[in-house]
Number of protein chains: 2
Amino acid sequence: MSTKTVPLFLQEAMSHPQARVCAACEVRRTALFGALDLASLERIHAHIGSPSLPAEAVLYGRGRQGDAVYTIRSGIVRFERVSESGERRIVRVAGRGDLIGQEALLGRRYMDDAVACTPVEVCRIPATLVDHLGEAEAALLRELMRRWHQALEEAEAWSADLSTGPARRRMLKLLAVLVRHADEHGMIWLPRRDQIGDMLGIALETASRLVSQLKRDGVLELLPASRARLDPDRLDAALDEAS
Amino acid sequence: MSTKTVPLFLQEAMSHPQARVCAACEVRRTALFGALDLASLERIHAHIGSPSLPAEAVLYGRGRQGDAVYTIRSGIVRFERVSESGERRIVRVAGRGDLIGQEALLGRRYMDDAVACTPVEVCRIPATLVDHLGEAEAALLRELMRRWHQALEEAEAWSADLSTGPARRRMLKLLAVLVRHADEHGMIWLPRRDQIGDMLGIALETASRLVSQLKRDGVLELLPASRARLDPDRLDAALDEAS
DNA sequence: CGAGCCGTTGAGGGGATTCAAGCTCAGTGG
DNA sequence: CCACTGAGCTTGAATCCCCTCAACGGCTCG
């Protein structure tokens, strides 16, 4: 499917099997450790785990002392907060190639609940590991800041786009976000109705009505297992006329 | 008002007058360059400007190539976005001691319009300057990431707290944010009604009604020049019963 | 003094919420 | 095998909160 990014002879040179896996990893080019050269990779390989989680699994909880950062290899993760008043709000989502839980690198507590939306594969990178690298690898730090920037951009765009205007337009913009995380078959993950509600700040019934309406309009086609296919042209058209 | 943080003899040792100003700066302890030692300060002094801006001045515009970061010495700055549909949304605010425009360090475009809410004093720090320091000063990079973390936290909290629930509760939570930026006299900056609207995602008339109501309830006391005093106890009480 | 901006308040309508009922579907156990 | 159950989704009806439209008052400024 994708060509290897590392020449064969270099792979041979690596003693540890995990190092080979990392070197060949498809998300590596876009992931945090894409900034590292192969030598560095070799040095740290032993510490990196690559767990898989089922949908709805909690990666980490808000307030917990951060001990690791994660690179998402596949799947979608959402960030939740619960207000003092007890309502849940989903503040953003992350997908393949994204780095999450960066606050662990600062020895801080996690900011949000991170929950798997779909089955998720991640690389787990202990926070201390990056500490030790930090002194030497300036490129890594730069890449790290780029990630931080990206997260902030995402969070601000989320709040600007998804929590303003009539419910239908918010729903359409949410779909526009979700297509960015479409899988290889062009199918998107469609949240449960109450989750859509928590993303857009609307009632779950309203979310349901909107989904039904978009289904009738031919924008959205519902499939089993929280999946859906959507018509890009009709989505654009709908977004336009929602001005 | 505040005691000097730098012994006199050290100030004497500094050749450049700007270096003295920086060393004595009251926000320095909490600002980005608090992480730098005096020697570093001495080295970079020449490049730092400290302009003042009137209220409503635009510090930088979204999309512009970033060329400098700013530390806010006094005043309040808001971050705006305009959606494709033409509506303005204020995604967060920053105050004294905050670092803004960090994306410039990555050679990126500014994410938002940054606009002065009150008269504002800043330190302007060229992006290249930090580049040159970057290799040597690990402490600075760590501090930088802490700022990034803080901005993200702010943005997420903003969207979680201020764009959900009934309008009155959002208004109260906005006031809770604004008291954090209160001046030395305990007075807060109260946005114009349309700005409140853009912060909370409500109509300006609704914002006006809420302000009037809070005034009647004794929570808020309006003063000239977009200033206000608020009763902390009554604010808490109001927040409680808004559950 | 008229023009324009900002804020306030009222009236009316509409979109979203709330309350409620019914539907599908998967899992469970008689 | 099938009733039973509960979770998730849909749809309807009534209510209400907020938006829109509108008029008006205070203030500054040319």
Side-chain angles (χ1 to χ4, degrees), chain A residues 54-56 78 83 85-90 115 117-118 162-175 189-217 219-228 238 241-243, chain B residues 54-56 83 85-90 115 117-118 162-175 189-217 219-228 241-243:
Chain A
E56 302 307 311
R78 66 176 182 268
S83 69
S85 15
E87 296 136 36
R88 181 179 60 173
R89 188 79 211 248
I90 297 173
V115 186
C117 295
T118 63
L162 300 186
S163 48
T164 261
R168 180 182 162 92
R169 177 148 55 94
R170 292 195 222 179
M171 182 70 207
L172 291 167
K173 294 200 171 185
L174 174 59
L175 291 177
W189 165 67
L190 193 71
R192 276 182 2 213
R193 303 302 173 267
D194 62 331
Q195 292 169 349
I196 295 179
D198 291 340
M199 291 175 176
L200 305 180
I202 62 179
L204 71 90
E205 295 93 333
T206 307
S208 175
R209 280 183 245 271
L210 289 169
V211 170
S212 303
Q213 186 190 328
L214 292 172
K215 202 167 46 178
R216 281 193 294 275
D217 295 352
V219 176
L220 203 57
E221 182 189 354
L222 267 61
L223 301 165
S226 292
R227 313 248 98 208
E241 75 184 307
S243 84
Chain B
E56 301 308 311
S83 69
S85 14
E87 296 137 36
R88 181 178 60 173
R89 188 79 211 247
I90 297 174
V115 186
C117 295
T118 63
L162 301 186
S163 48
T164 264
R168 180 183 163 90
R169 177 149 53 96
R170 292 195 222 179
M171 182 70 207
L172 290 168
K173 293 199 171 185
L174 174 60
L175 291 177
W189 165 67
L190 194 70
R192 272 180 8 212
R193 303 302 172 266
D194 62 330
Q195 292 170 349
I196 296 178
D198 291 340
M199 291 175 176
L200 305 181
I202 62 180
L204 70 90
E205 294 92 335
T206 306
S208 175
R209 280 182 245 271
L210 288 170
V211 169
S212 302
Q213 186 190 328
L214 292 173
K215 202 167 45 178
R216 281 193 293 274
D217 295 351
V219 176
L220 203 58
E221 182 188 355
L222 267 61
L223 302 165
S226 291
R227 312 249 97 208
E241 74 184 308
S243 85

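This structure is a prediction, so every number in the text was calculated from the model and none was measured. Residue numbering restarts at 1 for every chain, and letters A, B, ... go by the order of the sequence lines.
- Remark: A:Arg170 CZ to A:Thr206 OG1 distance equals 10.0 Å, nearest 0.5 Å.
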Using nucleotides 23-26 of chain C, report all nitrogen or oxygen pairs with the protein that are shorter than 3.5 Å.
none

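- How far OG1 of A:Thr118 is from CZ of A:Arg227: 6.5 Å, rounded to the nearest 0.5 Å.
- Within the 4.0 angstrom heavy-atom criterion, only backbone atoms of the sugar-phosphate kind lie near B:Ser212; the bases stay farther away.
- Rounded to whole Å, atom C1' of C:dT17 lies 13 Å from atom CZ of A:Arg170.
- Counting to the nearest Å, the C1' atom of D:dT10 and the CG atom of A:Asp194 are 14 Å from each other.
- Residue A:Ile196 holds its CD1 atom at 4.0 Å from CE of A:Met171, rounded to the nearest 0.5 Å.
- For the pair A:Arg78 and A:Glu56, the salt-bridge criterion is met [side-chain N within less than 4.0 Å of a carboxylate O].
- Atom CG of residue B:Leu190 and atom SG of residue B:Cys117 lie 11.0 Å apart, to the nearest 0.5 angstrom.
- Residues satisfying the salt bridge (charged side-chain N to carboxylate O under 4.0 Å, His left out) test with B:Arg88, not counting sequence neighbours, are B:Glu80, B:Asp194, B:Asp198.
- B:Arg192 has a side-chain polar atom (N or O) that falls below the 4.0 Å cut-off from OP1 or OP2 of C:dC6.
- Distances were taken from every side-chain heavy atom of A:Lys215 (C-beta onward) to each of D:dT10, D:dG8, C:dT9; the shortest belongs to D:dT10.
- For C:dT8, the OP1/OP2 oxygens have a side-chain nitrogen or oxygen of B:Ser208 closer than 4.0 Å.
- Taking atom CG of A:Asp198 as the reference point, atom P of C:dT17 lies 12 Å away to the nearest angstrom.
- In this structure, A:Arg89 contributes its side chain and B:Ser163 its backbone to a donor-acceptor pair below 3.5 Å.
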Per-nt protein contacts along nucleotides 15-30 of chain D (heavy atom under 4.0 Å; B base, S backbone sugar-phosphate only, - none) come out as ---SSBB---------
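- Straight-line distance from the CD atom of A:Glu56 to the P atom of D:dA7: 15 Å, rounded to whole Å.
- Atom CG of residue B:Leu162 and atom NZ of residue B:Lys173 lie 8.0 Å apart, to the nearest 0.5 angstrom.
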